[in-house]
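Remember, it's 1-based here, ligands and their atoms both numbered in the order they're listed.
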Amino acid sequence: MTDNKPIASEPETSSGLAKSFADRLTFPADTTKSNGPNPAANSFTPSKKFDWADEVTTPIEEKKSEPEATPSKPQATKAEDSSLGMAQTDGATTMTAGSEGVEEPEFDVNVKLADLQDDPNNPLYSITSFEQLQLRDELLRGLSVMNFRKPSKIQEKALPLLLKNPPTNLIGQSQSGTGKTAAFTLNMLSRVDLSIKSPQCLVLAPTRELARQIAGVVTVMGTFLKAEGLVVTEAIPQSVPRGQQLTGQIVVGTPGTTMDMMKRRTFDTRALKVLTLDEADNMLDMQGMGDQCQRVKNLLPKNVQVVLFSATFPPEVLDFASRFAPGANELRLETQALTVKGIKQMYMDCNGDEEKYNALVKFYGLMTIASSIIFVDRRNTAAEIERRMTAEGHKVAMLSGALDGEERDRVFNLFRTGAAKVLITTNVLARGIDVQTVTMVINYDVPTTFGGKPDYETYLHRIGRTGRFGRVGAAVSFVHDRRSWDNLMTICKHFGTEPLRFDAENWDETEAKLKEIMKSSRNAMPAAEESAEGTASASSTLPAEEPMAD
Ligand SMILES: Nc1ncnc2c1ncn2[C@@H]1O[C@H](COP(=O)(O)OP(=O)(O)OP(=O)(O)O)[C@@H](O)[C@H]1O
């Protein structure tokens, strides 16, 4: 039994309001508008539960005519391949059983990465190879087993700037899912002196989940430096026993714990030469972690190379970013170039707050989704949706800053391994998280700032949890009143996108539109061909502090 209380705490507005505002927008595919409530809506049964993942999810594969799935150079040994290549399909760092016993659709291969990387307009385009970037052999081998054949645009442009000596600061921006992690990781792994057993490179990230993910990527990419003594350490709550000295040459942490370790003198900063801030705009936000990051930096040697990466750099943090990374080279993007083309954007036009929950459940009834994330603004909304969906027999997981670290790790693992397909969460996971099986993002609440204004950056980061590195995905934002509709439209206008409308009172139409989108997503992909080799697995056992905006 479930109650019918509205889940979100926002006031409900007069019915039909949202629609009347939505109707003002005309999108080509949005010609059938319902007139008032659809009595069939509540009894809707999808004609066929279709499989979004089958249609849309696109692990990346080379041309069919190139059967060799592993890159030709440098060659990884078979042992390397089996232990690493399969493991590192995304931010994952270890191989797991995947989603045994769970309905897991096969992944069709619709996208050929090679084609995307040959298109100068694509953010994954490059003309160089990793070999030309003069990386050390151990790193080329690491990239090889990770199946990274060619750099993305940000990797190709950032790496020469990062690697040249004397080291120069960098502010780097590129769309979500385009491989910024590898760019800053390769810089650190190239600069580290393995004969020195104390921290030399520090990465700060906003959440424990992201810090652990990055540490995992550094570990996998640096596999062939392990024999030479590479140690990667996490600086997140409970990661290092109190009082124990940090020994890793590369430390990935959250700012609070890192600062704490430095104050306790268990983090020797004397040999530190690279400071990287991932999600830098968020890290430098003075209402958030900006102060802490500045204090950490003040404790580092003066000549430290400062590297700032993010998909977004709103004007209000750019000034501070330039002071934080003085004299930095800058790789920046225009606002309208920020959205990832492979992410289809839609909105669900709901008639009031309670309708959102009903629409959510019906939406899930329409199709099988490989993995999806439902973003809400408040912890209690997340807990309430989890409670209601679970009571109705849906298998969902929930992660918010209300959980302790161990529980967060547990839940996140369930999601990453595919044991949980639906993750309800807050902005704590809006940034950086890389789980390739995520084909659908739902903005149950349109993201707003603390002042209730549209939150452009959070919207972009949230939807960027899908459509990673050339894959396609979908993002549906729920609107239920004038304010939420206005906010969404303002966000979309800001980024120059036009979301397609789904009517929460006309499910036949919604289903038809979804199918259409799936078809066009498929067709939009360059030379769509399928290959049995494309089966991807979301796998990892990654461990996750400070919630971001949660
Ligand atoms: N050159 C490459 N070839 C193939 N895959 C790559 C390459 N570079 C990165 N990837 C993969 O692309 C995915 C996205 O990379 P990453 O998480 O670094 O994106 P990002 O730009 O940091 O995204 P966000 O802005 O969301 O944090 C990862 O799964 C990563 O393994």
Side-chain angles (χ1 to χ4, degrees), residues 58-62 69-71 84-85 87-93 111-114 116-117 122-126 128-131 133 135 139-140 142-159 172-186 203 205-207 209-211 213-214 216-218 220-221 276-283 307-313 331 333 338-340 342-343 373 416 429-438 441 457-458 460-471 473 536-540 542 548:
T58 56
I60 293 161
E61 197 39 76
E62 289 285 23
T70 45
L84 285 167
Q88 187 69 28
T89 56
D90 51 16
T93 52
V111 183
K112 287 185 289 177
L113 182 56
L116 297 178
Q117 295 202 286
N122 195 291
L124 307 183
Y125 172 76
S126 80
T128 47
S129 63
F130 283 116
E131 285 79 3
L133 292 171
L135 297 166
L139 297 181
L140 292 175
L143 289 164
S144 170
V145 291
M146 291 173 79
N147 227 356
F148 287 16
R149 298 160 196 224
K150 230 176 139 187
S152 62
K153 209 174 261 185
I154 186 68
Q155 291 166 355
E156 179 192 55
K157 293 202 179 317
L159 277 163
Q173 179 179 23
S174 93
Q175 298 88 341
S176 57
T178 53
K180 295 181 284 293
T181 316
F184 65 72
T185 298
L186 288 169
V203 186
T207 59
E209 288 80 5
L210 185 52
Q213 177 178 293
I214 295 166
V217 171
V218 180
V220 174
M221 213 167 266
T276 305
L277 301 193
D278 194 15
E279 309 302 340
D281 57 325
N282 183 233
M283 303 295 284
V307 178
L308 308 179
F309 269 112
S310 182
T312 50
F313 279 99
L331 295 169
L333 289 172
L338 287 179
T339 49
V340 174
I343 306 172
I373 305 182
R416 200 188 268 289
L429 290 186
R431 285 173 177 253
I433 294 308
D434 180 49
V435 179
Q436 290 180 354
T437 45
V438 175
V441 167
E457 286 74 32
T458 300
L460 202 84
H461 287 278
R462 281 182 180 181
I463 70 168
R465 292 319 96 215
T466 185
R468 315 284 296 162
F469 216 84
R471 289 162 182 81
S537 63
S539 56
S540 105
L542 272 178
M548 213 165 52

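- Screening Asp281, Leu331, Asp278 for a side-chain contact (heavy atoms from CB on, under 4.5 Å) with Phe309, the sole residue that qualifies is Asp278.
- At a threshold of 4.5 Å between non-hydrogen side-chain atoms, the residues Thr312 and Arg431 count as touching.
- For Gln436, every heavy-atom contact with ligand 1 shorter than 4.0 Å involves the side chain, none the backbone.
- Residue contacts with ligand 1 do not include Ser174, since none of its heavy atoms lies under 4.0 Å from the ligand.
- Note on ligand 1: Arg465 sits in its first shell, one or more heavy atoms being nearer than 4.0 Å.
- Which of Leu210, Leu186, Val220, Asp434 comes nearest to atom 14 (C) of ligand 1 through a heavy atom is settled by distance: it is Asp434.
- Ring pair Phe469/Phe148 is parallel by interplanar angle, where below 30° counts as parallel and above 60° as perpendicular.
- Counting heavy atoms closer than 4.0 Å to ligand 1, residue Met146 contributes nothing at all.
- If you number the atoms of ligand 1 from 1 as listed, the ones under 4.0 Å from a heavy atom of Ser176 come out as 23 (O), 24 (P), 25 (O), 26 (O).
- Residue Thr181 approaches ligand 1 through these ligand atoms, each under 4.0 Å from one of its heavy atoms: 16 (P), 17 (O), 18 (O), 22 (O).
- Counting heavy atoms from C-beta outward, Thr466 and Arg471 have side chains that stay 4.5 Å or more apart.
- Atoms of ligand 1 found under 4.0 Å from any heavy atom of Thr178, numbered from 1 in the order shown, are 19 (O), 20 (P), 21 (O).
- More than 12 heavy atoms of other shown residues, nucleotides or ligands fall within 6.0 angstrom of atom NZ in Lys153.
- The closest non-hydrogen atom to atom 27 (O) of ligand 1, taken over Arg462, Lys180, Glu279, comes from Glu279.
- Under the 4.0 angstrom criterion for non-hydrogen atoms, Phe130 is in contact with ligand 1.
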